Amino acid sequence: MQLGADHVRVRVPATSANLGPGFDSLGLALALYDEVEVRLVASSDVVVEVHGEGAGNVPLGEDHLVVRALRRTMELAGAVPTGIHMTCHNVIPHGRGLGSSSAAVVAGIVAARALLAEPRAVDAATVLALATEFEGHPDNAAPAIQGGATVAWTTDEGPRAVGLDVDPTIEATVLVPDVRLATSRARAALPERVSHGDAAFTAGRAALLVEALARRPELLFDATEDRLHQPYRAAVLGASSELLKALRDEGVPATVSGAGPTVLVLAGPGHRARRDAVLADLVDETAGWRRISPGIDMTGARARRISGNPGALSSGSSGVTGRHVVPGSPAVRGGSMQ
Ligand SMILES: Nc1ncnc2c1ncn2[C@@H]1O[C@H](COP(=O)(O)OP(=O)(O)O)[C@@H](O)[C@H]1O
Ligand SMILES: N[C@@H](CCOP(=O)(O)O)C(=O)O
């Protein structure tokens, strides 16, 4: 496959997976974004600059997650490898249950797609399959790609996802502690088997959550109850587990965001006063907690071509030059990829 551009910019939202009972299936895109600018260069250099979250912690070469996802997508599309100069402006906290790894993977995939002469050759199903290959589960990748709330599932042919309606009065608030929890560690805390009773309880709540999100926010408290993962993760969640219990004891629809340790509150109009009262009492923003009300992202990952001249890849030695928006350059929106 030929290249169609040599310089693109992408933006990918944070995501909150599970939403309580929808373990590995439900997810919600949040309006907190990582932005990545990728420039292809003629040399074999891989130069990565990271600003914000992850700066000083993530690898800066071929092992960088965005680079790995970009390379994998280019390889799948049969594009000839080139050098890469990449700048990341990261806002999504790492290891907090807000889908930072998924955002990085989706950024690499949609950047690669936008660099190709025929972006549609990497269709929506392939984007989700590639992201799931990296992540191991599709529940963060689906909303990161298409925005809004999603339910994702896996078939013999690969992962699939559909969007869900979200009542516009629902507010998402995240309580982010300053401690990290690797998703792999939180997954290791899960048992091999659960009881039929807990599985039935949680399946019912997940079904109810679809209706609560779409039209009946007053049902969010019951609809966010879970018995499949949160109870087993309590030991590794530390203070987040206590905050979750305190919120739920007061009737506030709170869940663990993803694998944690962030706590997510999904509040309809009837929950706001109690949410604000409990959070004012319990969340001390001077003692390591951040309270963010990001809004729900409804568009998902976006990529924009900055320059469409891959025939003349620069040597890569002169920094980012010649930045301009090519008139008519297609805006690639993750949610509308066909
Ligand atoms: N923007 C990014 N660039 C590079 N690596 C990232 C990025 N975001 C996440 N990662 C990698 O993923 C890890 C966090 O993934 P994970 O444990 O799944 O937590 P979460 O996805 O909930 O933030 C980070 O420690 C880092 O290694
Ligand atoms: N379903 C996964 C979701 C992990 O999300 P993350 O944002 O914590 O990576 C799980 O619960 O393990």
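Counting starts at 1 for both ligands and their atoms, following the listed order. Here the structure is a predicted model, which means the values were calculated and not measured.
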Please write down residue, atom name and distance for the protein heavy atom closest to [atom].
| atom | result |
| --- | --- |
| atom 9 (C) of ligand 1 | S100 OG, 3.1 Å |
| atom 17 (O) of ligand 1 | T183 N, 3.0 Å |
| atom 2 (C) of ligand 1 | A104 CB, 3.6 Å |
| atom 5 (N) of ligand 1 | V58 CG1, 3.5 Å |
| atom 25 (O) of ligand 1 | R180 NH1, 4.0 Å |
| atom 1 (N) of ligand 1 | N90 ND2, 3.5 Å |
| atom 15 (O) of ligand 1 | S101 CB, 3.5 Å |
| atom 6 (C) of ligand 1 | H94 CE1, 3.8 Å |
| atom 6 (P) of ligand 2 | T183 OG1, 3.6 Å |
| atom 12 (O) of ligand 2 | R187 NH1, 2.7 Å |
| atom 8 (O) of ligand 2 | A259 N, 2.9 Å |

Looking at [Y] and [X], is any side-chain nitrogen of the basic one under 4.0 Å from a carboxylate oxygen of the acidic one?
| X | Y | answer |
| --- | --- | --- |
| K245 | E242 | no |
| R216 | D222 | no |
| R205 | E225 | yes |
| R11 | E35 | no |
| R302 | D297 | no |

Exercise for review: Please report the shortest heavy-atom distance between P119 and R305, naming the atom on each side.
Suggested key: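 Minimum heavy-atom contact is CG-NH2, 3.8 Å.
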Review point. How far apart are the closest heavy atoms of V66 and A104, and which atoms are they?
Key: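 Smallest interatomic distance, heavy atoms only, reads CG2-O, 3.5 Å.
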Of the backbone atoms (N, CA, C, O) and the side-chain heavy atoms from C-beta on, which set of [X] has a member under 4.0 Å from an atom of ligand 2: side chain, backbone, both, or neither?
| X | result |
| --- | --- |
| N140 | side chain |
| R233 | side chain |
| D24 | both |

Hey, is ligand 2 close enough to [X] that some N/O pair sits below 3.5 Å?
| X | result |
| --- | --- |
| E135 | no |
| G99 | yes |
| S257 | no |
| H229 | no |

Which ligand 2 atoms, with their elements, are less than 4.0 angstrom from a heavy-atom of [X]?
| X | answer |
| --- | --- |
| F23 | 1 (N), 10 (C), 11 (O), 12 (O) |
| H137 | 2 (C), 3 (C), 4 (C) |
| A17 | 3 (C) |
| G258 | 5 (O), 8 (O), 11 (O) |
| D139 | 1 (N), 2 (C), 3 (C) |

Check your understanding: N/O of S184 under 3.5 Å from N/O of ligand 1, yes or no?
Key ->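 No, S184 has no N/O under 3.5 Å of an N/O on ligand 1.
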Review point. For L181 and ligand 1, does the shortest N/O to N/O distance drop below 3.5 Å?
Key: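 No.
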Are there over 12 heavy-atom neighbours, none belonging to [X], within less than 6.0 Å of that residue's [atom1]?
| X | atom1 | result |
| --- | --- | --- |
| E211 | CD | yes |
| E218 | CD | yes |
| R187 | CZ | yes |

So is [X] in contact with ligand 1, going by heavy-atom distances below 4.0 Å?
| X | result |
| --- | --- |
| G95 | yes |
| A182 | yes |
| C88 | no |

Point to revise | Test side-chain contact (heavy atoms from CB on, under 4.5 Å) applied to V48 and V58, step by step | key: CA-CA 10 Å; V48 181; V58 295; over 6 Å; no
Practice item. Have a look at ligand 1 and work out which part of H64, if any, has a heavy atom under 4.0 Å from it: side chain, backbone, both or neither. Key: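 The side chain, only.
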Review point. Side chain, backbone, both or neither: which part of L98 has a heavy atom under 4.0 Å from ligand 1?
Key: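 Backbone only; the side chain of L98 stays clear of ligand 1.
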Exercise for review: For atom 12 (O) of ligand 1, state whether the nearest protein heavy atom is under 4.0 Å away.
Suggested key: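 Under the 4.0 Å cut-off, atom 12 (O) of ligand 1 does have protein heavy-atom neighbours.
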Point to revise | Steps toward side-chain hydrogen bond (donor to acceptor under 3.5 Å, both in side chains) verdict (H7, E37) | key: CA-CA 7 Å; H7 189 180; E37 190 164 330; 2.7 Å; yes
Review point. When rounded to the nearest 0.5 angstrom, what is the spacing between CG in L115 and CG in L70?
Key: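 Separation between the atoms: 6.5 Å.
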Exercise for review: Starting from the C-alpha separation in whole Å, work towards a yes-or-no answer on side-chain hydrogen bond (donor to acceptor under 3.5 Å, both in side chains) for T224 and R248.
Suggested key: CA-CA 10 Å; T224 48; R248 291 202 67 90; 2.9 Å; yes
Practice item. Provide the number and element of each atom of ligand 1 under 4.0 Å from a heavy atom of G97. Key: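 Numbered from 1, ligand 1 contributes 22 (O).
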**Study point:** Aromatic ring pairing H89/H51, orientation class (parallel under 30°, perpendicular over 60°, tilted between)
**Key:**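 Answer is parallel, since the angle falls under 30°.
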I'd like to know if the side chain of [X] reaches the main chain of [Y], judged simply by a donor and an acceptor atom lying under 3.5 Å from each other, with no hydrogens or angles considered.
| X | Y | result |
| --- | --- | --- |
| T299 | G147 | no |
| H229 | P21 | no |
| T126 | V122 | no |

